[in-house]
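Taking it in order: structure first as structure tokens, then the write-up.
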Amino acid sequence: MSSLSLYDTLTRTTSSFVPLKKGEVGIYLCGATVQAPPHIGHVRSGVNFDILRRWLTKSGYNVTFIRNVTDIDDKILHKAVHENMPWWAVAMKYERAFTEAYAALNVLPPTYEPRATGHVTQMIELMQVLIEKGAAYAPGNGDVYLEVRKLSSYLTLSRQKLDDLQPAADVDAASSKKKDPRDFALWKAAKPGDPSWPTPWGPGRPGWHLECSAMAHQYLGESFDIHGGGLDLIFPHHENEIAQSEAAGYAFAKRWLHNAWVTASGEKMSKSLGNSLQVHELLKSVRGIELRWYLGSAHYRSMLEFSHEALAESATAFRRIESFLTRSVEILGAQPTPVLSQAFTDAMNDDLAVPTALASISEALRAGNSAITAGDSAVIESSANEIRGALEILGCDPFDPAFASASAGEDLTAALDGTIKLALEQRTAARERKDFAASDQIRDGLAALGITIEDTAQGPRWSISRDGK
RNA sequence: GGUCGGAUGGCCGAGAGGCGAGGCAAGGGACUGCAAAUCCCUCUACACGGGUUCAAAUCCCGUUCCGACCUCCA
């Protein structure tokens, strides 16, 4: 049995994963800033880390998975003006959109999902510690800053030098109270009309970075195993989290994992691409399980170049796997029992090498399909078990109730099945009397309704072939 | 300017010194009344130029192109 190795952005190397506490893993994932509907880049992060979580759980760890919601932020405030809604209504609206997207993709709910606005107390406490230790200062204008010059370890995650950074453009130096232009705001004084919370330094609202340090500390303690997020968070967000937390005396994250982007036309996804790559839009052309399969199929550290063609192709490949499992149930009369193959396990243990793991599924699929032709139920069963075991880890198990069709009830399905079987009996009769015109008419008629007929050794079977949900 | 990635066959996408992942598409074959599904076979690549080595897609040097971050992006 191999053991898990994971990459670490801090060391830029892959190393054996050893938890701080035997049998336990604490993960903090930077979740969404709820200021717009989720696009597939956002949920790729969710899917990638969900696979990590499932794999750790399967490996026997008790995983505490914290994924925050940033529900107060400049963009949310702007959006509130734009949409003529209170800022908290904007945050809630998009938080729900994210929750729905995660659910559609079978991303397991976090152990806890803390909101920034619910942790102002912890943030104030953290700032007090930082000020006491001399790492932060409140210049009297209501802001609180972290003094980055004092931190020798600052910028080690992104491997930059403080003096090489381009000077921040956010402040006109004249009015700034910062000791150094690169000092960053832990807390921002309230401007007229802004939401605010009372603090010892005056009313204000959280800076972007402070929340994560405060919440990670609250739920995972001074030190925890894995901190994750998108590549673009390395600097400044994660760098600043480290600065705040270490200056407060916490050891903080032992390992950093960052997922790469979904790109379109070689570029990182952005709002300029419009709404077409929102999860909500894409789910009109493929099912959630298919979108998840696509997003999870590339290695988490590799860029995934999005195209509608690639997505459609990926969905086709997935249906092929799903179709085998469906047929295995028809033949064996029972759902497969998830089993992990050695090849799959080894691949996953190698820094979650999902693409390699998928190759093992392909092999099992071929063996399983051949076994159907040969009527070898032992091999059908073992192949189906192995495939289901793999799909379960990838969060793409078609038997998972999370993917159960919400629209068609069981009664309806049974009625449809009976109806189609009547037609198929007619067709079989026609074929037996070699009236192929009549049999083809039935098949074409069903095809026009989106129902595909396949003649198998066990007789005809049908499936709904139309795209969509 | 600083930091960090990437370039693999028609397409997607792994690998990271030797035994040429896998998928999709395409062509051929088997099966079929014809299909569909399935299986078998074929096509075999690592941006460019040097170098190291018995051996380089993989290591080193250089070049080109693409991308990301550099204070509120997953």
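Throughout, protein chains are lettered first and strands after them, A, B, ... in sequence-line order, and every chain is numbered starting at 1.
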task = Could you go through the salt bridge (Lys or Arg N to Asp or Glu O under 4.0 Å) check for A:Glu290 and A:Arg319 one step at a time?
result = CA-CA 8 Å; A:Glu290 292 163 351; A:Arg319 285 188 210 123; 2.8 Å; yes

request  = Looking at every strand, decide which applies to A:Leu233 at a 4.0 Å heavy-atom threshold: base, sugar-phosphate, or nothing.
outcome  = sugar-phosphate

query = CZ of A:Phe318 versus C1' of B:C24: gap in Å, rounded?
reply = 16 Å

query = What integer number of Å spans the C1' atoms of B:U58 and B:C46?
reply = 10 Å

Separation of the C1' atoms in B:C54 and B:G22, to the nearest angstrom = 31 Å

message = Once you apply a heavy-atom cut-off of 4.0 Å, does A:Leu304 come out as touching a base, just sugar-phosphate, or nothing?
response = sugar-phosphate

Sugar-phosphate only, base, or nothing, as touched by A:Asp183 at under 4.0 Å among non-hydrogen atoms = nothing

query = Are OP1 or OP2 of B:G23 and a side-chain N or O of A:Ser297 less than 4.0 angstrom apart?
reply = no

note = ring-ring contact (aromatic ring centres under 6.0 Å, His included) filter on A:Tyr102, not counting sequence neighbours, yields none

Close aromatic pair by centroid cut-off 6.0 Å: A:Tyr219 and A:His119 = yes

Separation of atom CZ in A:Arg12 from atom P in B:U3, rounded to whole Å = 12 Å

Distance between P atoms of B:A14 and B:A30 (Å, rounded) = 37 Å

task = Give a yes/no answer on whether the side chain of A:Lys161 brings an N or O atom under 4.0 Å of OP1 or OP2 in B:U3.
result = no

Intra- and interstrand pairs of RNA chain B - dot-bracket, Watson-Crick/G-U under 3.5 Å, | marks other strand = (((((((..(((.....[...))).(((((.......)))))....(((((..]....))))))))))))....

query = How far, in whole Å, is B:C40 from B:C31 if one measures between their C1' atoms?
reply = 11 Å

ask   = On a whole-Å scale, what distance lies between the C1' atoms belonging to B:A45 and B:G15?
value = 13 Å

query = Which value, in whole Å, describes the distance between the P atoms of nucleotides B:A57 and B:A16?
reply = 15 Å

query = Taking protein heavy atoms under 4.0 Å as touching, what does nucleotides 37-42 of chain B look like 5' to 3' if B marks base contact, S marks sugar-phosphate-only contact and - marks none?
reply = SSSS--

request  = Using the P atom on both, measure B:C60 against B:G20 and round to a whole Å.
outcome  = 25 Å

query = Between A:His227 and A:Tyr28, what is the ring plane arrangement, given parallel below 30°, perpendicular above 60°, and tilted in between?
reply = tilted

